[in-house]
Amino acid sequence: MSSKILILPGDGIGPEIVAEAKKVLETLRSDFGLQIETEEGAIGGAGYDAAGHPLPDATLALAGAADSVLLGAVGGPQYDGLPRELRPERGLLGIRSELDLFSNLRPAILYEQLADASTLRPEVVAGLDIMIVRELTGGIYFGQPRGIENLDSGERRGFNTLEYKESEIERIARSAFEIAMKRDKRLCSVDKANVLEVSELWREVVIRVGAEYPEVELSHMYVDNAAMQLVRAPKQFDVMVTKNMFGDILSDAAAMLTGSIGMLPSASLNAQNYGMYEPIHGSAPDIAGQGVANPLATILSVAMMLRYSLNEPQMAERIEQAVSDVLDKGLRTPDIYSEGMQKAGTADMGDAVVEALRAKS
Ligand code: NAD
């Protein structure tokens, strides 16, 4: 049975990088027998331009009927003056919450060929391959009550609430264990159980869920130590799971270990492994329309989609191998360029990935 993929190019460099990912999908369909159907929709600024809203009803309906979603990026300075609820980013937050995408997968992968791009020494990061699983729809970013109030003393008090129900911890833990099962079977749960009651409960529930996954080696680490270990010896980690705010911070730090924002894909999944896949970078208005954006993060997002939502791990490996082959050949978009390499534009890079795929057909 063929899988339905909804493609949402979005704004800025979104349409350019998504065009290259489409070439890859088309090649997998025509040359390797991947059974997929694709549809396109508008989101973000493009949604506002087309239908007056960053998440048009028609797009949401298409997403509901699809098996997974591939997104480029949203946002642009021309939309900065819009009321908050009509800004492009609202389309992204809207689709995440409408589809209940609570599990955010943020890999930090550093291809050996790009080890020079990191600010850390090559031997510390070359070959790095970590997956951070961040809880995305709960925790302190959503907890009630929240606000800023005036105190009788005349000063103001700001407050937020950090809360997790057992069921919320259970589902993110299960998601992380499932991912660990598809990788090196090592999971590190990051918390602050020495200070926070929520973390105490988090740790207890993660251990309970872990009993269902005896093959996975579970460890626990306090968040401050995890931050330190990520920059000291990041290759010790396979999969990390953590709450929303810790994950927000740690995943950005881990991404920057690789030094190349144009290389990193991401996924957001619901309990049924329905997912939205997107590069971690934004719409890069500063380079939009110039044909220089790196499409590899988006192409690698397709690989993640094949592995985590469409159950096609061999197709995913084909893409990842093709990307590695292209890097071996020395092709580099400007963001990952270094002396002696061959400069490539967005379309050159997509074409080279297609060629590398076909070379192994
Ligand atoms: P950005 O990620 O768009 O750009 C940061 C820097 O990285 C820029 O110099 C850009 O040129 C470069 N860059 C990003 N992607 C690249 C690629 N594929 N190839 C080469 N270089 C690349 O972040 P920003 O500048 O802070 O935000 C720009 C817009 O994107 C804003 O409107 C913001 O709200 C939006 N945004 C969207 C998402 C998303 O759609 N998921 C995420 C972050 C930011």
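Read the numbers this way: they start at 1 and go in the same order the structure lists the ligands and their atoms. Nothing here was measured: the structure is a model prediction, and the numbers come from that model.
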Just to be sure I read this right, does ligand 1 sit under 4.0 Å from the backbone of [X], its side chain, both, or neither, counting only heavy atoms?
{"X": "Ile13", "result": "side chain"}
{"X": "Pro285", "result": "side chain"}
{"X": "Leu92", "result": "side chain"}

Exercise: do Asn270 and Asp100 side chains pair donor with acceptor under 3.5 Å: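 Side chains of Asn270 and Asp100: no pair found under 3.5 Å.
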Side-chain H-bond candidate by donor/acceptor type, Tyr213 with Glu178, under 3.5 Å: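 Side-chain D/A pair, Tyr213 to Glu178: present.
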Verdict with reasoning, Asp224 to Lys192, per salt bridge (Lys or Arg N to Asp or Glu O under 4.0 Å): CA-CA 8 Å; Asp224 40 350; Lys192 192 73 183 170; 3.1 Å; yes
Spacing of Leu70 atom CG and Thr38 atom OG1 [to the nearest 0.5 Å]: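 Interatomic distance, Leu70 CG to Thr38 OG1, rounded to 0.5 Å: 10.0 Å.
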Between OG on residue Ser97 and CZ on residue Phe102, distance to nearest 0.5 Å: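 Between atom OG of Ser97 and atom CZ of Phe102 there are 14.0 Å.
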For [atom], what is the closest protein heavy atom, and at what distance to 0.1 Å?
{"atom": "atom 17 (C) of ligand 1", "result": "Asn294 N, 3.7 Å"}
{"atom": "atom 22 (C) of ligand 1", "result": "Ile287 CD1, 4.0 Å"}
{"atom": "atom 15 (N) of ligand 1", "result": "His281 CG, 3.1 Å"}
{"atom": "atom 10 (C) of ligand 1", "result": "Asp286 OD1, 3.4 Å"}
{"atom": "atom 34 (O) of ligand 1", "result": "Glu89 OE2, 2.5 Å"}

Non-hydrogen atoms of Pro88 and Val74 that approach each other most closely: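 Heavy-atom minimum between the residues: O-CG2, 3.9 Å.
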Gly282 N/O to ligand 1 N/O under 3.5 Å: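 Looking only at distances, the answer is yes, because the N/O contact criterion of under 3.5 Å is met.
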Test log, rule side chain to side chain donor-acceptor pair (under 3.5 Å), inputs Lys4 and Ser68: CA-CA 7 Å; Lys4 281 197 186 126; Ser68 57; over 6 Å; no
Close approach, Ser283 and ligand 1, non-hydrogen under 4.0 angstrom: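 Ser283: in contact with ligand 1 (<4.0 Å).
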